[in-house]
Number of protein chains: 2
Amino acid sequence: MPRVNIKTVAQYAGVSEATVSRVLNSNPTVSEEVRARTLEAIEKLGYQPNRAARRLRANSSDVLGLIVSDIENPFFTSVVRGVEDTAQAAQKSVILCNSDENPTKLKNYLKIMEAERVAGLIVAPTSMKDGESLQRLTQVGIPIVLLDRQVDNYVFDSVLVDNIRGAFTGVKHLIDLGCERVAMIGGTPALSNARDRLEGYRNALKAAGLSIDEKLIKEGNYKIESGYRIGKELAHSTHRPQAIFVANNLMTLGAVRALRELKVRIPEDMAIVGFDDTPWANELMVPLTVVSQPTYQLGQTATQLLLNRLARPDAPFQTAILHTHLIIRESCGAQLHNQEKML
Amino acid sequence: MPRVNIKTVAQYAGVSEATVSRVLNSNPTVSEEVRARTLEAIEKLGYQPNRAARRLRANSSDVLGLIVSDIENPFFTSVVRGVEDTAQAAQKSVILCNSDENPTKLKNYLKIMEAERVAGLIVAPTSMKDGESLQRLTQVGIPIVLLDRQVDNYVFDSVLVDNIRGAFTGVKHLIDLGCERVAMIGGTPALSNARDRLEGYRNALKAAGLSIDEKLIKEGNYKIESGYRIGKELAHSTHRPQAIFVANNLMTLGAVRALRELKVRIPEDMAIVGFDDTPWANELMVPLTVVSQPTYQLGQTATQLLLNRLARPDAPFQTAILHTHLIIRESCGAQLHNQEKML
DNA sequence: CTGAAAGCGCTTACAG
DNA sequence: CTGAAAGCGCTTACAG
């Protein structure tokens, strides 16, 4: 079955291909009568313009690329929704790829995005060293918005979260509750948000006049498994910490699992504050106190920045910082604290 | 900065565009010497072939489309991983869209996929009525594999799960534990898997010689909120059921939330068995007994079917049925039961 | 083994 | 307001 193309439509409607193209692109210089006739032909033939051809010729496209670093993390799926909704409202479609926190996979998808000639790209870097690969895309005219993470030596439009302040608040909360030995399960220092959350942790200890025990600072990889493994280590350590601050949602789940298996009670034996809320955090064996991030809004904002950039390629770069807030539930021990007070 | 194209490369390497194209496509009829020279030019210029152009001309593409119906559901994110890994191994890339359980959005994305000329498409339908829209794509040469859900009146390659049997097993488990009044929170009957799970539920009751109380069968929409709402209803009902069988993971979370808020104990006051496991199911206030689905493998299999279809367009349609298994944790009351026995 | 040329399906100045 | 024609960057018979 021969595919119907613009020529078929033109013949059917008795107009030129140029005219069909014009009505397709809502060019106002087409008479009502011709437009109607053309639209009818399009409808009747079920014509679907070939975007590959359009993109080739017009050198512009209405698809936005989005590369997240872990599609299995609810943080990103929520961001994805924000991006999709905002893009859709602006008549753009989005294609999504998953770098799996892997710089090599990221580079590969970057190539694909370039080859696909997406109009612009939102990406969560896998490392602060990703700048060069990203820069390449902007050089060929594909603007980039950085999501959630920064990059060394290069500047892009970015949307970030106040990680330092967020972590500070979470750790301070633990300290205010009386914890003096607070451990941290962090992410890889290759990630800016991991560094920032660690900095927030340090700041909170310093601000409280507490000493920093480097042995209490552990490096995970933002996956469940590492939170689990480090959680066990921490629970087994000789001079056990009173609390753990965990730098992301999945590692928090892992840590909770570890403590459950070891029958370490939360928060009585060890308190926990996590970074990033999830739909299930409140239904866990002990409802999680977390530093919550505006995930959906992160996606919205990133898309908006990209759309702005597309509209004004030469505008100065912009960084949007979104704010976190502490959600106090039970894993931090606040309830316990209240009960004690009541006694 | 003018983009480097095949012409630039050809001139730089001192060969024709045709030759560059040949080395790009690993055409064996190129001499080693010329190939090396061309590759060097490609490397030096950082040439990135324009896929839009290739697709236009070659009328073939190495990108696979994947349309899931709820990107926020861990079921689908796991499926996505399976698809991506399998596609990647076959040198294909995948672009992902989210229909949000909305037939209109699905139609829209279907158009985009067609316009993008993807090589093939894996889709989770939003309704059994989606067949016609899907058929359209196969008519223009884009093969389709149905994921997790079937469709009326049209036949496609499909990968499904043994929903009837899975639900049967879950409900039977509850009955064996002594529950005679088992409620069901199901999905919309527009979805084949929702129908099948309901059928499995009915079968289990019948097999046990129990009567079916239609008032105990509730229709949700596979989102948290509906599980929550119906969970409350059920908890408040006058002749309260002893157990609930919930047809998907997100609704199960909602139901757990509802019961917690109402201080209905699980499983003492009401037992729960859910359909589909999640990473957090075991860490919930009461670890969830679930009918687990092979999610990752579902993605793998769907991709394999699509790849097969691409290789052999005229082969007969195939349906792969993957199997579920029951994971017994605590929400069903099995532990309780054991304790009783021990007394 | 390699090149010249046609053509994929669009869009966009350029005329009129 | 509309059409004829060129061209986007590739691939692929067709020659040689």
Side-chain angles (χ1 to χ4, degrees), chain A residues 1-39 41-42 45-63 111-112 114-119 140-142, chain B residues 1-39 41-42 45-63 111-112 114-117 119 140-141:
Chain A
M1 165 163 159
R3 206 146 197 162
V4 10
N5 56 23
I6 201 171
K7 192 170 171 183
T8 328
V9 176
Q11 288 171 344
Y12 190 97
V15 299
S16 72
E17 297 180 28
T19 296
V20 177
S21 174
R22 288 190 187 101
V23 343
L24 246 24
N25 295 288
S26 312
N27 186 320
T29 74
V30 181
S31 72
E32 253 328 303
E33 189 252 318
V34 171
R35 171 184 311 281
R37 187 147 41 96
T38 310
L39 251 15
I42 289 173
L45 296 169
Y47 170 58
Q48 204 50 240
N50 182 329
R51 292 192 177 209
R54 167 178 299 182
R55 216 176 295 173
L56 177 57
R57 179 57 229 247
N59 220 11
S60 87
S61 102
D62 56 357
V63 3
K111 275 188 193 168
I112 291 173
E114 180 184 350
E116 292 287 341
R117 302 300 192 263
V118 293
V140 297
I142 301 178
Chain B
M1 166 166 160
R3 206 147 198 161
V4 10
N5 56 25
I6 201 170
K7 192 171 173 183
T8 328
V9 176
Q11 287 172 343
Y12 189 98
V15 299
S16 71
E17 298 179 28
T19 297
V20 177
S21 174
R22 287 189 189 102
V23 343
L24 247 23
N25 295 288
S26 311
N27 185 321
T29 75
V30 181
S31 72
E32 252 331 300
E33 189 253 319
V34 171
R35 172 183 310 280
R37 187 147 41 95
T38 309
L39 252 15
I42 288 174
L45 298 169
Y47 170 58
Q48 203 53 239
N50 182 328
R51 291 192 178 208
R54 168 177 298 181
R55 219 176 293 171
L56 178 56
R57 181 57 229 248
N59 220 10
S60 87
S61 102
D62 57 357
V63 2
K111 274 188 193 167
I112 290 173
E114 179 184 350
E116 292 287 340
R117 302 299 193 262
V140 297

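Chain letters run A, B, ... following the sequence lines, proteins first, then strands; residues in each count from 1. Quick caveat: nothing in here was measured; it's all calculated off a predicted structure.
- If you check D:dA13 for Watson-Crick or wobble pairing at under 3.5 angstrom, you find it has no partner at all.
- In this structure, B:E17 atom CD and D:dT11 atom P are separated by 10 Å, rounded to whole Å.
- The distance between atom CG of A:N5 and atom P of C:dG7, rounded to the nearest whole Å, is 14 Å.
- As a whole-Å value, the separation of A:E33 CD from D:dT2 C1' is 12 Å.
- As judged by a 4.0 angstrom heavy-atom cut-off over every strand, B:T19 is placed among residues touching the sugar-phosphate backbone only.
- The backbone N or O of B:T29 lies less than 3.5 Å from a partner atom in the side chain of B:N27, making a donor-acceptor pair.
- Among the protein residues, A:S31 comes within range of the sugar-phosphate backbone only, with heavy atoms under 4.0 Å from sugar or phosphate atoms but none that close to a base.
- Figure legend. C:dA4 is base-paired to no nucleotide; pairs are counted as Watson-Crick or G-U wobble with both atom distances under 3.5 Å.
- Whole-Å rounding puts the A:I42 CD1 to C:dC10 P distance at 10 Å.
- Remark: P of C:dA13 and CG of A:N25 are 12 Å apart, rounded to the nearest angstrom.
- Taking the charged nitrogens against the carboxylate oxygens, B:E114 and B:K111 have no contact shorter than 4.0 Å, which rules out a salt bridge.
- Between B:Y47 and A:S16, the residue whose closest nucleotide on DNA chain D is further toward the 5' end is A:S16.
- Rounded to an integer number of Å, the gap from CD of B:E114 to C1' of C:dC10 is 15 Å.
- You'll find that the side chain of B:A53 is closest to D:dC10, out of D:dC10, C:dC10, C:dG3.
- Between A:R57 and D:dG7 there is no side-chain polar atom (N or O) within less than 4.0 angstrom of OP1 or OP2.
- Side chain of B:L56, nearest nucleotide from D:dG3, D:dT11, C:dC8: C:dC8.
- Residue B:D62 contributes atom CG, which lies 14 Å from atom C1' of D:dC10 at whole-angstrom precision.
- We find the CD1-CD distance between A:I42 and A:Q48 to be 10.0 Å, quoted to the nearest 0.5 Å.
- A pairwise comparison of heavy atoms in B:Y47 and B:V4 identifies CD1-O, 3.5 Å as the closest pair.
- As judged by a 4.0 angstrom heavy-atom cut-off over every strand, A:T29 is placed among the base-contacting residues.
- A straight line from CG of B:N27 to P of C:dG3 spans 13 Å, rounded to a whole angstrom.
- Using a 4.0 Å heavy-atom cutoff across all strands shown, B:V20 reaches no nucleic acid atom at all.
- Nearest heavy-atom pair, B:V20 versus B:I6, reported as atom, atom and distance to 0.1 Å: CG1-CG1, 3.5 Å.
- Counting atom types as modelled, A:R22 pairs a side-chain N or O with a base atom of D:dG3 as donor and acceptor under 3.5 Å.
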